[in-house]
Structure formats: structure tokens, C-alpha cells
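Note sheet for the following structure.
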2 protein chains.
Amino acid sequence: MDRRRTEKNDETSAQGRPTLKTLAFMTGLGVTTVSRALKDAPEIGAETRRRVQLVAKQIGYRPNRAGVRLRTGKTNVISLVLNTEHELMSFVSDIIYGVTSVIADTPYHLIVTPYSRSQDPMDPVRYLVETGSADGIIISRTQPDDARARYLLERGIPFATHGRTDMGLVHPYHDFDNYAFANEAVRYLAGMGRQRFALLAPPVGLTYHGHTVNGFADALSEVGVSEVPFNTVTIDQSIEQIRTRTAQLMRRNDRPDGIVSSAAASTLAIVAGIEDAGLELGRDVDVVSKQSSEFLHLFRRELFVVNESFRLAGSELARAVLGWIGGAEPGSLQSLSKPGEVQVYRR
Amino acid sequence: MDRRRTEKNDETSAQGRPTLKTLAFMTGLGVTTVSRALKDAPEIGAETRRRVQLVAKQIGYRPNRAGVRLRTGKTNVISLVLNTEHELMSFVSDIIYGVTSVIADTPYHLIVTPYSRSQDPMDPVRYLVETGSADGIIISRTQPDDARARYLLERGIPFATHGRTDMGLVHPYHDFDNYAFANEAVRYLAGMGRQRFALLAPPVGLTYHGHTVNGFADALSEVGVSEVPFNTVTIDQSIEQIRTRTAQLMRRNDRPDGIVSSAAASTLAIVAGIEDAGLELGRDVDVVSKQSSEFLHLFRRELFVVNESFRLAGSELARAVLGWIGGAEPGSLQSLSKPGEVQVYRR
DNA sequence: ATGGCAATCTGTAACGTTTCAGGTTATTGA
DNA sequence: TCAATAACCTGAAACGTTACAGATTGCCAT
């Protein structure tokens, strides 16, 4: 159906929402002038500018996104690309809140672009670029050699990664210092007299797996304690797999007496596994875990935790992308969040 | 900057992504014909239709969203309106996954429109409608007399609510049967011999608060047991508030020996409160809790749980909105999810 | 042959915006 | 006084799409 107004050449514009044409008619100016007045162009007289802006405010003019997008290619959209299967629950909500809090007083909208386990992580990114659906992109599950980052860098599309890459290319990112986390966790436990350490690491392939493993290994050798490997189990595995594997581990003679866990949900499974093996948290073994929201202390108050804020990650990432879109140097839009103190709840 | 191609009247179109004009040139047809051929209009010859579609597929033609939107007003966008402060963590991620899984093989994009505690919940909805930013809207935290639903109904904007309203107006919704949940929870606990019940309810004002309270109260009188009121504390309160209040409650002489909790996160606090009071879960008191992901059994295996799937809610809501947009009767797009059996983990 | 009709196809205009290439005044300098 | 100039303003075109209102062609009944 054709939405054209009944009057062919209407200047009445009583109906529908106001456009530049409406403003032009109301102010008696040309559409061009109105357009420029609204964006503070210098060749518009100061009074005209004020007048136009006043009227625009009064009648609640909002630029039509489709018009702008068609004409300029600017979408005013930031896309958050998420893995539907793997992302941690709190990750998604917190990061969205972080992003939206930054985006709130800008014309940007946030669209969520999902991809599933089976898909190539490049698919959603390629889709966004090929269809020109976003001005900026936020990606997570970053890899050391990340095809998506390379691709986006090649086409000059502003983006930010949650986690760093390691390809010698510079781009905005936000990351949590997982090296420091794992390192300090080991030192903390060693300081309590713990000797044999296990690490439940992030999935192999993601950059922060390396960071975590390195921080862990370096601390082990620095304080002179040994490792009991978790083998192939990572925080990406199911609760049941982690629980079973932990129980196995805890039944060995050389079982760990200190465990470092990279995710709060996995820590629940670890503790369950410990107790399945008939051992007691805080007596037979201590656990330091990352968490992104304050709830582990309710679970077992013997747990030691380090907080990682995904809300902060979301806002930093949004700031980074907007910064890049706004012309800032990509290299200046990188941030690394340091872990706080290990927190104790036991009393 | 003007993005116009270098050749004023180019039919070469080697650069940029293909448009209808490109297709028209390649097939030797008019732009109109191509447009109609792609949407299977009947007045286009069968062979022409196939030819155009073949070429379109070959060169990877994708309609320009801005063009379509400007011309037709169709945005191909569904907006999920979220309260930034209150929504439960798992709620957000699961519902997004549910929505995106349905939307995945449609041209729709999902945009997340946030609003904060301080804002009128109408604000984001009004914004979406006034700027014509979405073809369909999903809202949560539904109230019995919901201004947003009324508003959207008035302007004929397709939407679906998570939770029902109670205004005598018909619109799509998805809801979990919280009446049944609370009712069955009480019956279950009463069946174990529990006598004095407390309910940690959803926030007053939301429709499902009423459902939950009614299901709870009806069961109490049906099985002839009494209530120990939680008073003004609801699942919207902070962990600490719930914990403190629970501890207070548990120190009373007529303390509850059966508690029904409407949210998993709150249940953590309830258990902490119970233990703060020196009591033991499973011995002095039993708790039935809703949860949206399987983790409470790891927390305390004495907990009884009933699962509510927000992923299902997300997909049902998306289906409902798309159905309405597609012309289905709003009344036919309502679904109510029944709680499953109370789950036991204790062994 | 001719008028009518069905089957296909097409050009134009319009959605709301921005850019380009001027146009109109008033003012300045000589 | 007159040309040059600055300061402001403007119409037209274009982004990619779809609806409208025809064109064109071939075929059939008369």
C-alpha cells in the first residue's frame, strides 16, 4: 500500500510525524537550510539556527533513521555478536547493560546478532559487514589469531573485542587481566600453605585461556608448588562434566589442595565434585574463583573470590567502538581491567 | 561526503553491493519487474521470475533495509524492552536466546531497548512507537493494568507481553503458570508434613505477583495450613535484604517450616538467612524454589525446585509478535506454560 | 479486419535525508 | 556609482525500494 498523503503536495503536515519538510514549512525556510541549521552548520545565520532548533524541539522532531541511513550509509547501530550456546549467562545480561548504559544518550541502537555453536564465528560478522547493518561491532570469545578482527580491520569497520588478540594488529579491546588473576590466586592459596594446584581454565583457543594458563604456571614455578592438571576440561564444559572430572581428580592420592576456577558457574560444579569425593571445602582443599556477580559467598562461605565486572566490560567496549567511529585512534581505545583483592567471606 | 558513484548514470555497477538496479541491468528488465519477480508477484512470467531469482541468488543480492524501510515503513526490527536494574540475570540472556532462535531465519533484527529504574516504563515504548523504530515489541514486567499494553493496543502496534494483563483487553502473551507453581509448592511441602508457610513473592504491582500469591493462599486454605508473612520483601529486593529478613523470620517462635521462593537468586539469600538463624535446611525448614537454570541442586541438594524456562518464553514471545505482524489473531497468540513436577535432588 | 482483453512488463514518483551547485541580498572597497 | 565579495539561503538530485498507472504484445471472438 502506498503511504503517500492524500494531498499530493501537502504543506499542511498536521498528520504523521514531523520531517524536515514540516520544519521547513513552519519556519518558512528551505529543507536544506533546516537540515543544516539542525547540525549547526556555520553558513546558517545564528538567529535562524536558534529559531529552527527551537521549533524542532517544540514539535519533537526526530530525524528519520531510514532517511539518514539511505542517504549517508550511517546506521546508528552497534551490533553485539554473541555465541548462543557458550556465553555465560551473566555475561550476556551484564554486558548488554554496560553497552546500553553508554549508548543511552546517543542516537545508537543496540542490535544483538547471534550465532550458534555449529556456525563459523565469521558468519554473523560477514553478514553485518555485507549488509552494512552496523556502524560498529562488538565481538567476544576473542582468539589470538582472530579471523573476525582481521576481516574487520581489512574493511575498516570499527569494532572492539572483548579480550585481546595476538596478531600484531592494533584495535580497540577491553580485557580482564586473567594473567594477574590466576597468578594472584595461586599465590594466595600458596600463602595459606596449599601445595598442589589445579586450574579450571577457559576454553583452549580463546586468548584468555593462554593468559590464564600462563599466570597460573608462572605463579606455580615462582612459589615452587606443583600442578595437578584438569586436562581437557574447561569452563565451557557442562556442569556435570566438570563435577565428574573434579570428583575423579579429588579421589587421587596426589589430589589438588588448591583449585583456581575461571568461572563462577563452574565453581559450583567443582565444589559439588569435591563433596562427591567426600572431601570438605576449606579443610581438604581451597578454591579461588572468579565471579561476575556477588553470589558465591552465599553458596559456600569458604570460597575465595575475585570479581570481574562484565558491566564494566560492556561499557568500555561500547565506549571503544563509539570512540573509533568518532575518529579516535584505535590504539588509544584499549583497556585492561586489573583484578581486585582476593575476597574472603569465611568467618 | 556524497557517496554517489563516479559515473553519474552507471549501469556497470561493478562496485558496491548489488541493488535492484544492478539486477535490472543484468537481466535486461526494469527495476519494477525485478522487484516484483523477487517477491513472487503473479503478474510476472514464470520464467522471468525464475531467471531473476537465479541471478539474485548468484550475485548475493540482499534488499537494502534502509530503502525498504523508507519506502514502506517496515523496519524488520523486533524490540525487546528491558528494565536495566530489575531484570534477573538469567532472564535476559535466556530470553534473548529464545527470541533470536526464532528470529534467526527471518529478516528480523533484534534490538534491545533499555530503561532504568527511575524512568517511566512507558518511555522506551513511546520512543519506539513515535520514531517507528520497530515492527513489533516485547515487554516484560507486565502489570494487571498495563499502560504500555493499552498504549500499543490503541495504536495497533504488534506486541507481546511476558506475563498476562488483566484489563479485559486481548493481546498476545506468554506466561508461566505461577498460580499452579505456588499452589503445588505448598501442597508438596504440606505433603511432607510442613505446617507454617512463607512466600517470597514477586514484586507487588506485577501481574504474576497476584497469581503467585493467590496460588499460595488458595493452597494454604485448601490444605488447612497457616501463613507466616514475608511482609514487604519481594524477589526484587537485594540479596542482603532478603537474607536479613529471612533470618529475622526464622528466629521467631512461629517461624515458617516451609518456604516458597519465586526466584533462584533469592533462594540463595533465603538459605543463607536460614543458616544465619542457626537452622538447617531440610530439617527445620524446607524450601521450594523456581529456577531458570539448573544450578540450585549444586547449592544445597535439600532444595526442591521447579523449572521455568525463559528460553521458551523468549521463543514463544517472538513467535507471538511475528504471528501478529503476520496477521494472525492476537487472541490466538497466547500461551501459558505449566510448571513441571517439583524436583528432588536429596539422596 | 477490429475491438477487447489478458498477460507481461515498465517509467515515474515518492518515502526523508544530505550534498552539490548555485542564487539572492546586503555590504564593502575603490 | 559599480563591481566584488561575504553571508545566507535554496532547488535539484540521489540513496534503494515499492505502488501506481500505464504501455506493449499477442490472441480471441466477432
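Chain letters run A, B, ... following the sequence lines, proteins first and then strands; every chain starts at 1. Just so you know, these numbers use all the heavy atoms, side chains as well, and skip hydrogens, waters and symmetry mates.
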Looking only at the side chains, is there a donor atom on one of T113(A) and S79(A) sitting less than 3.5 Å from an acceptor on the other?
yes

What does G28(A) touch in the nucleic acid at a heavy-atom separation under 4.0 angstrom: a base, only the sugar-phosphate, or nothing?
sugar-phosphate

Between P on dT17(D) and CZ on R62(B), what's the gap in Å once rounded to a whole number?
13 Å

Interatomic distance, K74(B) NZ vs dA14(C) C1' [rounded to whole Å]:
20 Å

Taking atom C1' of dT10(D) as reference, at what distance in whole Å does atom NZ of K21(A) sit?
15 Å

When only distance counts, do a donor and an acceptor, one from the side chain of T32(A) and one from the base of dT18(C), lie under 3.5 Å apart?
no

Can you classify the ring geometry of H174(B) versus H162(B) as parallel (below 30°), tilted (30 to 60°) or perpendicular (above 60°)?
parallel

Counting the benzene-type ring for Trp, do F159(B) and H171(B) have ring centres under 6.0 Å apart?
yes

Rounding to an integer number of Å, can you tell me how far R17(B) CZ sits from dT17(D) P?
8 Å

Give the nucleotide from the list dT18(D), dT17(C), dC15(D) with an atom nearest to the side chain of V31(B).
dT18(D)

Residue R71(A), side-chain heavy atoms: nucleotide from dT17(C), dC9(C), dA14(C) that is nearest
dT17(C)

Nearest whole angstrom, please: distance from the C1' of dC9(C) to the CG of L29(B).
8 Å

Contact class for I44(B) (heavy atom, under 4.0 Å): base, sugar-phosphate, or nothing?
sugar-phosphate

Identify which nucleotide among dT17(D), dG16(C), dT19(C) has an atom closest to any side-chain atom of L70(B), counting heavy atoms from C-beta outward.
dG16(C)

As a test of reading the structure: which of dT18(C), dC9(D), dA14(C) is closest to the side chain of S35(A), going by heavy atoms?
dT18(C)

Choose from dG16(D), dT18(C), dG16(C) the nucleotide whose nearest atom is closest to any side-chain atom of T19(B).
dG16(D)

Atom CZ of R69(A) and atom C1' of dT18(C): how far apart are they, to the nearest Å?
17 Å

Can you tell me if T48(B) touches the phosphate of dT8(C), counting only side-chain N or O atoms and a distance under 4.0 Å to OP1 or OP2?
no

Taking for each residue the nucleotide of DNA chain C bearing the nearest heavy atom, is the 5' side occupied by G67(A) or by R36(A)?
G67(A)

Send over the distance from N64(B) CG to dT17(C) C1', rounded to a whole Å.
14 Å

Interatomic distance where CD belongs to E43(B) and C1' belongs to dG22(D) [whole Å]:
13 Å

dT18(C) phosphate, OP1 or OP2, under 4.0 Å from T72(A) side-chain N/O
no

Scan side-chain atoms only and decide if S335(B) and E316(B) contain a donor-acceptor pair under the 3.5 Å cut-off.
yes

Under 3.5 Å, is there a donor on one side chain and an acceptor on the other for T75(B) and D135(B)?
yes

